[in-house]
Protein chains: 2
Amino acid sequence: MTKAERTRQFIVEKTAPLFNTKGYDGTSLADLTEATGLTKGALYGNFADKDEIAEAAFHYSMKKVKALMKQEMESVKTYKQRLQALLSFFARYVNKPPVAGGCPLLNTAIEADDHRTSMRRVVTKELMATIDFIASQLEGGVKAGEFISTIKPRELAYVFFCSVEGALMFSRVERSNEPMEIVVKHCKKILDQISQ
Amino acid sequence: MTKAERTRQFIVEKTAPLFNTKGYDGTSLADLTEATGLTKGALYGNFADKDEIAEAAFHYSMKKVKALMKQEMESVKTYKQRLQALLSFFARYVNKPPVAGGCPLLNTAIEADDHRTSMRRVVTKELMATIDFIASQLEGGVKAGEFISTIKPRELAYVFFCSVEGALMFSRVERSNEPMEIVVKHCKKILDQISQ
DNA sequence: TACAAAATATACCGATTGGTATATTTTAAC
DNA sequence: GTTAAAATATACCAATCGGTATATTTTGTA
């Protein structure tokens, strides 16, 4: 890892929580220099502009979230247990987010949906990948005989993911676990219902 | 209605879509003067600062959304039909939002959760009111004998609302109705399951 | 340890930010 | 129609915005 690569990594690690907390528009270059202890010269020597830092920060946040998520899931064996672990992971997201500021997917999607085209594409890609991942777990469970074969994995994946993301929004702004706990409980009950 | 009141109303109507689309940080005073055709003098003659305009715009957006929602719901008779109408209302939200930019609750909650205290309080209040409203419809349905009495109205209200808000985020950034349609279908199926 | 190259800091840029003091216009009551 | 008050426009403010040219320092290599 060259010096430049290390500095890029350092900048991204220090600024990712900032972008995730205050948003792209809400994060200034002064915020970035303060968080890193570096000057604009160093920032612009390693990145083309603020957009490039924000995008790298988003990718870093997503990588971190996914790594933690998968780590949690691979500690158990069955597909059902893995999906339960995934739901528990999100439940703990409220009080202990892997990256400060909550879910980078949710935050970035909301800020980017109307007026930030390139970021929108990046988020869309990650969202689709997430649905594919959850759906693949459900499909695996069906093939393994854990879940009844009449379920629609893709649709159920959307239901799980959307309800958890909505609960995350609610719980974070409300500073209360209640919405998330209720939603996760409901999702786990669905998992029980489709088990055989 | 005095001139001042009319102007305040005019400013709020013209700027609400702007705040809802670009967010508080993303909306500048130049944006506001352009959207209204007024000058800063007029803006600051009627509002103390940008924050006050944003808050008034949020309240206006919420009023508009709730009015449309309730209008849609009161065209049918049973509690089940009303809840179905509410879900259909959200489903159409994706392509035809009452206020440009999507759901003001979702947008404002995400931007305000970490670093805008006063707005957070306002959003929290509206979120709680929404859950109370949905829960009251479910309770009404139970008392009227439409729904089985074993349901937990408040928990179900959270599930409905959170999943729809999550789907709204997804569908908006993806520019596709699919996530919302899947989620709404699922919610309506729950309504069928708890019906008697 | 000398030295070229790479990385970072410094000092600056014009544009835009939210906000205000004051001049001008419009409004509404008489 | 006159006039005081209310509302709006104009012109300005310091601060901050994202970004850059250049000077200085640090790095890795011979």
Side-chain angles (χ1 to χ4, degrees), chain A residues 1-58 60 108 111-112 114-120 122, chain B residues 1-58 60 108 111-112 114-120 122:
Chain A
M1 191 140 87
T2 72
K3 181 82 203 305
E5 283 171 331
R6 268 183 284 134
T7 308
R8 261 185 82 101
Q9 183 66 13
F10 174 78
I11 293 170
V12 161
E13 282 171 17
K14 293 290 183 187
T15 60
L18 224 52
F19 279 114
N20 202 40
T21 302
K22 306 174 73 175
Y24 178 83
D25 289 328
T27 306
S28 69
L29 278 170
D31 291 331
L32 303 181
T33 56
E34 193 191 353
T36 54
L38 298 172
T39 59
K40 288 189 194 180
L43 258 43
Y44 278 85
N46 290 285
F47 293 93
D49 51 24
K50 190 182 151 188
D51 279 72
E52 201 178 293
I53 307 179
E55 200 169 312
F58 172 73
Y60 167 77
T108 314
E111 194 178 10
D114 284 306
H115 71 300
R116 302 206 56 233
T117 311
S118 79
M119 213 52 162
R120 232 196 74 222
V122 173
Chain B
M1 191 140 85
T2 72
K3 181 84 202 305
E5 284 171 331
R6 270 182 283 134
T7 308
R8 261 185 81 101
Q9 183 65 14
F10 174 78
I11 293 170
V12 161
E13 282 170 16
K14 293 291 183 187
T15 60
L18 224 53
F19 279 115
N20 203 38
T21 302
K22 305 175 71 173
Y24 177 84
D25 289 328
T27 306
S28 69
L29 278 169
D31 290 332
L32 303 181
T33 56
E34 192 191 353
T36 54
L38 298 171
T39 59
K40 288 188 195 181
L43 258 43
Y44 278 85
N46 290 286
F47 293 93
D49 50 25
K50 191 183 151 188
D51 279 72
E52 200 178 294
I53 307 178
E55 199 168 313
F58 172 73
Y60 168 78
T108 314
E111 194 179 9
D114 284 306
H115 71 297
R116 300 205 57 233
T117 311
S118 80
M119 214 53 161
R120 232 197 74 221
V122 174

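These numbers come from a predicted model, not from an experiment. Below, read A as the first sequence line, B as the second, and so on, with proteins coming before strands; counting in each chain starts at 1.
Across every non-hydrogen atom of B:V12 and B:A57, the tightest pair is CG1-CA, 4.0 Å. Of all the heavy atoms in B:T21 and A:H115, the pair that sits closest is O-ND1, 3.8 Å. Among all heavy-atom pairs drawn from B:A54 and B:M119, the shortest one is O-CE, 3.7 Å.
Here chain B contacts DNA chain D (any atom closer than 4.0 Å to a heavy atom, that is under 4.0 Å), and the contacts span D:dA7 to D:dT10 from 5' to 3'.
As judged by a 4.0 angstrom heavy-atom cut-off over every strand, B:R6 is placed among residues touching the sugar-phosphate backbone only.
Sorted by residue number, the members of residues 43-56 of chain B with any non-hydrogen atom under 4.0 Å from DNA chain D read B:N46. Of all the residues in residues 16-42 of chain A, A:T27, A:S28, A:L29, A:A30, A:K40 reach under 4.0 Å from DNA chain D with at least one non-hydrogen atom.
For the side chain to side chain contact (heavy atoms under 4.5 Å, CB included) test, residues two or more places apart in sequence or in another chain that qualify with A:T36 are A:F10, A:I11, A:K14, A:T15, A:L38, A:L43. For A:N20, the side-chain hydrogen bond (donor to acceptor under 3.5 Å, both in side chains) partners at least two apart in sequence or on another chain are A:N107. Residues forming a side-chain hydrogen bond (donor to acceptor under 3.5 Å, both in side chains) with A:N46 (at least two apart in sequence, or on another chain): none. Residues forming a salt bridge (charged side-chain N to carboxylate O under 4.0 Å, His left out) with B:D51 (at least two apart in sequence, or on another chain): B:R116. Applying the salt bridge (charged side-chain N to carboxylate O under 4.0 Å, His left out) test to A:R120 and every residue at least two apart in sequence or in another chain returns nothing. By the salt bridge (charged side-chain N to carboxylate O under 4.0 Å, His left out) test, A:E52 pairs with A:R8, sequence neighbours left out.
Note that the CZ atom of B:F19 and the CZ atom of B:F58 stand 13.0 Å from one another [nearest 0.5 Å]. Between the OG1 atom in A:T39 and the OH atom in A:Y44 there is a gap of 12.0 Å [rounded to 0.5 Å].
The stretch residues 25-47 of chain B participates, sequence neighbours left out, in these salt bridge (charged side-chain N to carboxylate O under 4.0 Å, His left out) pairs: B:K22-B:D31.
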Using a cutoff of under 3.5 Å, can you pull out all pairs of nitrogen or oxygen atoms linking the protein to nucleotides 4-6 of chain C, with atom names and distances?
none

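In the helix from C:dT1-D:dA30 to C:dC30-D:dG1, the terminal helix axes, each the rotation mapping four pairs' C1' atoms onto the next four within five end pairs, subtend 20°, rounded to 10°.
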